[in-house]
Protein chains: 2
Amino acid sequence: MSLRNAVMAALLDGESSGYDLAKAFDASVANFWICTPQQLYRELDRMEADGLIVARTVEQERRPNKRLFSLTELGREELTGFTAGPHKPTAIRDELLVAVLAADSGDIEGVLASIRERKQWAEAKVARYERLRAKLLDGRSEEDFLATAERVGPYLTLLRGLSFERDNVRWCARSLTVLERRGARLDAPG
Amino acid sequence: MSLRNAVMAALLDGESSGYDLAKAFDASVANFWICTPQQLYRELDRMEADGLIVARTVEQERRPNKRLFSLTELGREELTGFTAGPHKPTAIRDELLVAVLAADSGDIEGVLASIRERKQWAEAKVARYERLRAKLLDGRSEEDFLATAERVGPYLTLLRGLSFERDNVRWCARSLTVLERRGARLDAPG
DNA sequence: CCGACCTAGTCAACAAGTTGAGTATGTGAG
DNA sequence: CTCACATACTCAACTTGTTGACTAGGTCGG
């Protein structure tokens with residue numbers, strides 16, 4: 001049921017097509033929620049049926065028609081109700097960690113490669129989030145921004161995504177050190 | 001398919017009943033993967049059917065009989081294959097973040113309460129992970145442990161869970177400051 | 001003018017995760 | 001003596017999330 005609320009939160013910025021939402025999810029909500037376009041379209045249909053959003057079809061000349069969705073009053077109420085809580089706690093749920101848990105009796109070289117890849121990926125995410133942050137701040141200092149901006153929610157969630165990926169980078173680096181040393185020890189014991 | 005691998009990784013420590021696995025998941029694998037007992041039992045049945053694990057029924061006098069599962073050679077191979085990768089990247093997927101994203105036009109007091117609750121919960125987790133860490137180290141220094149322990153995987157994943165929760169605590173504190181100030185400003189503008 | 005990529009979706013099938021209840025016994029606290 | 005809690009599960013129904021393929025036109029580079 002949270003995808004619904006994530007979609008509604010995204011629609012607070014104004015009406016949007018399913019296609020644009022999919023991209024927006026990739027770009028910003030993806031900090032803390034990911035979904036495939038298929039999931040999104042299915043959910044949008046249901047939300048429309050439930051009266052949380054309304055669609056407006058826009059005919060285009062040299063493009064397929066698109067449907068722009070926007071929040072209804074009911075949708076806004078539901079979203080406010082959702083923000084009132086309560087919210088389930090969360091856990092990381094990461095395949096890579098499962099692999100690291102089993103690394104000692106598995107393919108250590110393979111795990112090392114996966115960690116290196118993840119580290120690069122996380123570094124790229126950090127860079128991207130930094131750019132997004134600069135764009136949000138738009139020249140203002142953080143203090144200035146927080147005092148004047150209409151919405152601080154997107155900034156706070158961005159900070160969470162940013163520190164998560166920084167943490168990932170640090171952990172990857174640490175794990176590489178530990179596992180590389182271990183690999184060396186196992187290759188040449190004594 | 002990753003629950004399978006998480007279960008197999010847990011069985012590296014030796015045979016275990018479904019019930020004990022459920023508890024073990026709560027205690028340690030839960031750093032990065034959570035599941036309900038129902039999911040676990042269902043998955044164990046399938047894994048047995050697929051020959052990844054074998055069950056040994058132990059009759060007990062004053063307790064229901066239990067079935068102890070252990071990895072088969074095939075299971076070990078599958079797990080090693082899994083560690084070789086590749087692994088899907090991950091995202092946070094947290095309801096609370098959805099609520100914060102929408103906080104500006106939602107129930108700010110409710111969101112604040114949720115963040116406070118989450119902060120306490122994360123602090124409790126940190127304390128618990130610290131105790132687990134002390135138990136794993138068992139008096140040794142980290143360096144000593146890493147040099148001598150049979151398996152370092154469980155330690156590394158524990159570190160990941162620990163830093164994730166520490167990060168949660170920090171982010172909660174920061175968000176509370178920002179949102180409280182904002183709430184005050186909205187209550188008494190100018 | 002061909003192939004790759006962009007816009008803007010749809011459909012179907014399946015795998016994974018969640019929720020709620022039920023079974024049956026034993027132990028320890030008040 | 002009762003009530004909560006621990007052991008050790010099972011069953012069924014449901015909601016979410018994933019995978020892969022398909023439609024149909026437009027744009028841009030070589």
Side-chain angles (χ1 to χ4, degrees), chain A residues 1-7 15-27 29-30 32-50 53 55-69 82 86-95 98, chain B residues 1-8 15-27 29-30 32-50 52-53 55-69 82 86-95 98:
Chain A
M1 281 287 117
S2 259
L3 177 55
R4 262 179 140 73
N5 297 293
V7 169
E15 64 176 8
S16 174
S17 67
Y19 188 80
D20 287 336
L21 276 174
K23 280 192 302 179
F25 258 65
D26 255 23
V29 185
F32 57 90
W33 209 279
I34 45 172
C35 72
T36 57
Q38 288 84 344
Q39 240 183 300
L40 204 47
Y41 286 121
R42 185 174 51 177
E43 196 62 35
L44 284 168
D45 286 345
R46 289 180 190 162
M47 290 167 74
E48 196 186 4
D50 291 348
I53 56 179
R56 180 169 76 87
T57 300
V58 174
E59 311 220 347
Q60 299 186 116
E61 299 230 327
R62 304 177 183 284
R63 300 244 164 255
N65 295 346
K66 59 180 171 183
R67 302 208 304 146
L68 291 180
F69 298 94
F82 169 77
H87 307 291
K88 272 174 284 183
T90 193
I92 297 186
R93 229 172 238 263
D94 187 347
E95 282 191 8
V98 177
Chain B
M1 280 287 118
S2 258
L3 178 55
R4 263 180 140 73
N5 298 293
V7 168
M8 291 196 280
E15 64 176 8
S16 173
S17 68
Y19 188 81
D20 286 336
L21 277 173
K23 281 192 302 179
F25 259 64
D26 255 24
V29 185
F32 56 90
W33 208 277
I34 46 172
C35 73
T36 58
Q38 288 83 342
Q39 241 182 300
L40 203 49
Y41 285 120
R42 186 175 47 179
E43 196 61 34
L44 284 168
D45 286 346
R46 287 180 190 161
M47 290 167 75
E48 195 186 3
D50 291 348
L52 302 175
I53 56 179
R56 181 168 75 88
T57 301
V58 173
E59 310 220 348
Q60 299 185 113
E61 298 231 327
R62 305 179 179 284
R63 300 246 163 250
N65 295 345
K66 61 179 170 183
R67 301 209 305 146
L68 292 180
F69 297 94
F82 169 79
H87 306 292
K88 272 175 282 182
T90 193
I92 296 185
R93 226 173 241 264
D94 188 345
E95 283 191 8
V98 177

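Labels below follow one simple rule: chain letters A, B, ... track the order of the sequence lines, proteins then strands, and each chain is numbered from 1. Excluded from the calculations below are hydrogen atoms, water molecules and symmetry mates; all remaining heavy atoms, backbone and side chain alike, are included.
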For [N], does either OP1 or OP2 sit under 4.0 Å from a side-chain N or O belonging to [X]?
| X | N | answer |
| --- | --- | --- |
| Ser17(B) | dT7(D) | no |
| Tyr19(B) | dT7(D) | yes |
| Lys23(B) | dA6(D) | no |
| Gln60(B) | dT7(D) | no |

>> Looking at Thr90(A) and Arg93(B), would you say the former's side chain and the latter's main chain have a donor-acceptor pair under 3.5 Å?
In response: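 Looks like yes, one N/O pair under 3.5 Å.
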> Roughly how far, to the nearest 0.5 Å, is the CG atom of Leu40(A) from the NZ atom of Lys23(A)?
Replying inline: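 Lys23(A) atom NZ to Leu40(A) atom CG measures 12.5 Å (nearest 0.5 Å).
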Could you tell me how far apart [X] ([atom1]) and [N] ([atom2]) are, to the nearest whole angstrom?
| X | N | atom1 | atom2 | value |
| --- | --- | --- | --- | --- |
| Leu3(A) | dT18(C) | CG | P | 15 Å |
| Gln39(B) | dT16(D) | CD | C1' | 12 Å |
| Asn65(B) | dG26(C) | CG | C1' | 14 Å |
| Ile34(B) | dA16(C) | CD1 | P | 16 Å |
| Arg42(A) | dT10(C) | CZ | P | 13 Å |
| Lys66(A) | dC6(C) | NZ | C1' | 13 Å |
| Glu59(B) | dC9(D) | CD | C1' | 15 Å |
| Asp50(B) | dA15(C) | CG | P | 11 Å |

> Going through the distances and angles, do Phe69(B) and Val7(B) end up as a side chain to side chain contact (heavy atoms under 4.5 Å, CB included)?
Replying inline: CA-CA 10 Å; Phe69(B) 297 94; Val7(B) 168; over 6 Å; no
> Are the charged groups of Asp45(B) and Arg42(B) less than 4.0 angstrom apart, N to O?
Replying inline: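 No, Asp45(B) and Arg42(B) are not salt-bridged.
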> Between Asp45(A) and Cys35(B), which has a closest nucleotide on DNA chain C that is more 5'?
Replying inline: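 The 5'-side residue here is Asp45(A).
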>> From the set dG9(C), dT10(D), dA24(C), return the single nucleotide nearest to any side-chain atom of Pro64(B).
In response: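 Closest nucleotide among those given: dA24(C).
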> Counting side-chain heavy atoms from C-beta on, which of dT19(D), dT18(C), dT16(D) comes nearest to Thr36(A)?
Replying inline: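 Shortest atom-to-atom distance from the side chain points to dT19(D).
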>> Could you report the tightest heavy-atom contact between His87(A) and Glu95(B), atom names first, then the distance?
In response: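 Heavy atoms of His87(A) and Glu95(B) come nearest at CA-OE1, 3.4 Å.
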> For Gln38(A) and Arg4(A), take the nucleotide of DNA chain D holding the closest heavy atom to each; which residue's nucleotide lies nearer the 5' end?
Replying inline: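 Nearer the 5' end of the strand: Arg4(A).
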